[in-house]
Structures are given as structure tokens and as C-alpha cells.
Amino acid sequence: MAIIKPFKGLRPKKELAEKVASPPYDVLSSEEAREMAKDNPFSFLHINKPEIDLPPETNIYDEAVYQKGKENLDRFIKEGILVQDEKPMFYVYRQIMGDHSQIGLVAGASVEEYEKNLIKKHELTRADKEEDRVKHVNTLNAQTGPVFLTYKARPEIDALMNKIVQSEPEYDFTADDGIRHTFWLVDKDEDIQALQELFKQLDCLYVADGHHRSAAAMRVKQMRQAQNPNHTGDEEYNYFLTVIFPHNQMYIMDYNRVVKDLNGLSVDAFLKKVSEKFDVQKLGANAEKPRQKHEFVMYLNGEWYRLKARPGTFNESDPVEQLDVSILMNNLLVPILGIGDPRKDKRIDFVGGIRGLEELKRRVDSGEMQVAFGLYPTSIEDLMAIADAGKIMPPKSTWFEPKLRSGLVIHLLD
């Protein structure tokens, strides 16, 4: 069963939606956010990355940052930039990026179902990032960034969603990056009830992106429940802000790796070691993406190479071990390059596929990094299989596009 709840969304006035909507808090640095919002007093970055309104030397985890976020949210409400809907409703959010379109339902998802693993995870969280989201949500008394959920597609849900998007949208704009965002209100009681009944028929939901926000919602719920002697389970803190998409509309891009050095090896010695586990083909100066699973590209010393994992070098029957990110880690990054914990090792960095192979070449040619690896994208089926098995993906396994805009709707906790 998947329990979803309509809610009274706090959202921008129609004419301000495009100015308010911002990229998610975790895809921009403070400097990038400051630059993006500097000429836009309506930008949601003032709420989602409030350090941009404090001196640049301010620690992003300083208490003043959370207080500034609350101050900015209160101001947006007072000035009528954000207005709360009068009745609980769902919302439908469509994104179009080039030829790709995805339609998701904006709803409150059950924290209790997350606790019971009926909303399944596939990543570990970092304590500092989780604590940051707990403080942000608790101080603002609001969930400001949606969690990206998915489910195994059902034609009955598709049919109802497709009917809803035939109506007049509330917001419809194309952002600077060329991605179109369209947003509908689902305020008819019969549609709300029908969606709830259809989602109840699902066995589970999956976290696609937003593990720190999900974990923070659980911790805030647990804190508030402990402080509330009259807790009923119906309070808004029992639900968290999500956009839920069918799995067959998910678009996962490659998530690539760059490494600072060759761990003391010469180029020839490094290539020799790589060839023990991979078939290595020199491609020359022309970049080519991996064509299939278990195939990689590598940029080194001004040249591209194609690497193919050899049979027997990984466990094909294990859902985690057969992932390309695992194969690269276990057969190359750890044993040859000496990378430790990829979450903490400063010698490795990760590059979202949206930046292209050109970014890998740039990082190496600049001298900042010495070798780069392009991967074939992880599939949504792999993600669900790992979550179903109760296992955890290696860090930085998936890069979802397009990213959900923040600020189109906020979930207040009371």
C-alpha cells in the first residue's frame, strides 16, 4: 500500500512562479546560488540556500543560516509572494527536456511507510547533510524541497494523470536551461479520491533522489511526535513533500568519475594494470560514450580509451556487484588507484552526465585531475532491484534529469 495525502500547498502567485522557482539546494554551490539570485529578490534560493544573504565567509551549517531561511520564508508570505491554498489538494508537475517528458504527482507521502521501508531506499546518508536538512525543515516549519519518488508504472494511474494534464495549467514556463515546467492543481474531490485509491494498490514506492530530505522528514516527525502528547498520526509532520513519477518515465544519466593522480604509477604501468581486468582499446582524440552496460571510457594523457569489463571479474548474480559503478570501483579505483571511501576521499570527484564528456576532458587537460572515467547510465530497474533486495548502491550511482524545481509548492508542517 502507498498512502498519499493532499495538502494545502504554499506556492507562488501565478505571475511570479517562473521567478520564484529555483534549482534544488544541493546542485549549486553557495557561490553559484549567490550569483543566480543576485538580481532576483523572488528567487527561492533565498529560502533554500539562505547563506546567500549572509557574508560569504559564513559557515553553511551556522544557526544564522537557518534563521535567515525562516526570516526569508516569513517575508515571502507577508509580501504575498507565496500564498497558501485554502483546501488540501494534489498537484501534477510535468517536465519536458528535449524529447523527454515526465509527469509526476505532487503529494504528501507517509513518513510511517518510509520508516517501515514501504518507501524503499538505495543509498546511505551522510550525517552532516542529514542534520542540515533536519535543522532547515524544523526551523522553517516547512519542507521546501520535494523528494523524487518512483513506482512501477500502472496504466490506470497514467490514464488519470493524462486526463488531468489536458486541463488548464496553473504554471507553465521554460527555465533558462531550456527545460519546460508545467504545473496543475488537482482540486476536484473525485480526482483526489481516485488517485488515493489507485496509489493504495501499489506495493511500495522508491526513493529515486532525495535520501537526505527523506531521512530528515523522518527525524523531524519523530522529534515532533515525542513532543506532542496529543499525537494522532494525522498531523502534517507525518507526511513529506514528494513528486512521484512512474518508473518508465525516469531518465537517468551517467555519473562519471575523475581522479587526481595515478597513485604513483606511470601511464604505461597504469595501463598494464588496467588491462588485467579490462579489455582496453585506444580511441584517440575523439570522445565516445560507453555503448552498453559493463563498458567504460577513460581519458588519460590526452587520449580516450574504451574499457570492457572481462567476464569473471565481477559477480553477475549480485544486484550491487554487477553495477558498473561497483565494477569500476572494485577492479580499478580501489586496487589500482588506491581510492578509499569515495564519500570522503579527496582524490576522487564526481561529474554528472548533464555536463558531458567534454567536462571530463577539461578537468584532466587543466591539470586538476589526471584520469577520467565515463560510465554507462545505471538503469531504473537496477535501482529498484537493489532497493527490493534491501541493499545499498555505491555512492554517486545515479544522476537524474531533469531536476525538480524548488519553490513551486511548499509543505507546511502545521
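- In this structure, Lys272 places its NZ atom where only 12 or fewer heavy-atom neighbours from other residues, nucleotides or ligands lie under 6.0 Å away.
- Using modelled atom types, one finds a donor on one side chain and an acceptor on the other under 3.5 Å when comparing Asn238 with Glu235.
- With contacts defined as side-chain heavy-atom distances shorter than 4.5 Å, the pair Ile103/Gln249 qualifies.
- We find that Asp349 and Arg363 are joined by a salt bridge, their nearest charged nitrogen and carboxylate oxygen being less than 4.0 Å apart.
- Under the 3.5 Å distance criterion, with hydrogens and angles disregarded, no donor-acceptor pair is assigned to the side chains of Asn228 and Asn230.
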* Intermediate values then yes/no, side chain to side chain donor-acceptor pair (under 3.5 Å), Thr58 and Glu51 -> CA-CA 7 Å; Thr58 305; Glu51 70 270 17; over 6 Å; no

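- Surrounding NZ of Lys19 are at most 12 heavy atoms belonging to other residues, nucleotides or ligands under 6.0 Å away.
- Note that CG of Asp191 is 12.0 Å distant from CG of Leu185, once rounded to the nearest 0.5 Å.
- Ile380 places none of its side-chain heavy atoms less than 4.5 Å from the side chain of Lys152.
- One side chain, Glu130 or Thr125, offers a donor N or O that lies under 3.5 Å from an acceptor on the other.
- Aromatic ring orientation, Phe76 versus His46: tilted (interplanar angle from 30° to 60°).
- Here the shortest heavy-atom pairing between Gly108 and Tyr239 reads O-CD2, 3.9 Å.
- Between the CD1 atom in Ile339 and the CZ atom in Arg257 there is a gap of 11.0 Å [rounded to 0.5 Å].
- Remark: Arg355 CZ is loosely packed, at most 12 non-hydrogen atoms of other residues, nucleotides or ligands lying under 6.0 Å away.
- A salt bridge links Asp261 to Arg347: one of the charged nitrogens lies within less than 4.0 Å of a carboxylate oxygen.
- Annotation: the span from Leu241 atom CG to Leu10 atom CG amounts to 11.0 Å, rounded to 0.5 Å.
- Between Pro395 and Glu123 there is no side-chain heavy-atom pair separated by less than 4.5 Å.
- The pair Lys200-Glu197 meets the salt-bridge criterion, since a charged nitrogen lies less than 4.0 angstrom from a carboxylate oxygen.
- A side chain to side chain donor-acceptor pair (under 3.5 Å) with Gln143 is found for exactly one of Arg133, His411, Glu236, namely His411.
- Listed for the Asn162 side chain is a donor-acceptor partner under 3.5 Å among the backbone atoms of Asp158.
- Note on Asp324 versus Lys293: no salt bridge recorded, every NZ/NE/NH1/NH2 to OD/OE distance being 4.0 Å or above.
- Side-chain atoms of Glu316 and Gln322 include no donor-acceptor pair closer than 3.5 Å.
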* Which is it for Phe314 and His294 under the ring-ring contact (aromatic ring centres under 6.0 Å, His included) test, yes or no, and what are the steps along the way? -> CA-CA 10 Å; Phe314 59 94; His294 308 333; 4.6 Å; yes

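- No salt bridge links Lys135 with Glu63; every basic N to acidic carboxylate O contact stays at or beyond 4.0 Å.
- The closest side-chain donor-acceptor pair between Gln102 and His100 falls under 3.5 angstrom.
- Within 6.0 Å of CZ on Phe173 lie more than 12 heavy atoms contributed by other residues, nucleotides or ligands.
- Ion pair Glu190/Lys188 not flagged as a salt bridge, since none of the NZ, NE, NH1 or NH2 atoms sits closer than 4.0 Å to an Asp/Glu carboxylate oxygen.
- In this structure, Arg34 and Pro56 approach most closely via the heavy-atom pair NH2-CA, 3.8 Å.
- Counting heavy-atom neighbours within 6.0 Å of Asp177 CG, excluding the residue itself, gives a total above 12.
- For the 3.5 Å distance criterion, the side chains of Ser326 and Glu321 fail to qualify, holding no donor opposite an acceptor.
- Put simply, the side chain of Thr378 gets close to the backbone of Ser397: a donor and an acceptor are under 3.5 Å apart.
- A salt bridge links Asp209 with Lys403; the closest basic N to acidic carboxylate O contact falls under 4.0 Å.
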* What's the verdict on side chain to side chain donor-acceptor pair (under 3.5 Å) for Gln95 and Arg180, showing C-alpha distance, side-chain angles and the deciding distance? -> CA-CA 6 Å; Gln95 297 170 289; Arg180 183 176 174 187; over 6 Å; no

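- Side chains of Tyr66 and Asn138: a donor-acceptor N/O pair is absent below 3.5 angstrom, by distance only.
- Around CD of Glu359, the count of heavy atoms belonging to other residues, nucleotides or ligands within 6.0 Å exceeds 12.
- Within 6.0 Å of the CD atom in Gln193, the count of heavy atoms belonging to other residues, nucleotides or ligands does not exceed 12.
- A donor-acceptor pair is defined here as one N or O able to donate and one able to accept, closer than 3.5 Å; no such pair exists between the side chain of Ser43 and the backbone of Val20.
- Ser266 and Asp268 are not linked by any side-chain donor-acceptor pair at a separation below 3.5 angstrom, with hydrogens and angles left out of the test.
- In this pair, His211 and His122 present their aromatic rings perpendicular. The plane angle is above 60°, beyond the 30 to 60° band.
- Salt bridge status for Lys391 with Asp318: present, with a side-chain N to carboxylate O gap under 4.0 Å.
- Within 6.0 Å of NZ in Lys361 there are 12 or fewer heavy atoms belonging to other residues, nucleotides or ligands.
- Between the side chains of Tyr237 and His231, at least one donor N or O sits under 3.5 Å from an acceptor N or O.
- With hydrogens and angles left out, the side-chain atoms of Gln67 and Glu71 include no donor and acceptor closer than 3.5 Å.
- In summary, of the residues considered (Tyr93, Phe148, Phe400, Tyr151), a ring pair (Phe, Tyr, Trp, His ring centres under 6.0 Å) with Phe245 occurs for Phe148 alone.
- Using modelled atom types, one finds a donor on one side chain and an acceptor on the other under 3.5 Å when comparing Asp85 with Tyr91.
- Side chain of Arg306 to backbone of Leu283: no donor-acceptor contact under 3.5 angstrom is found.
- Between Glu112 and Leu118, the closest side-chain pair of non-hydrogen atoms is not below 4.5 Å.
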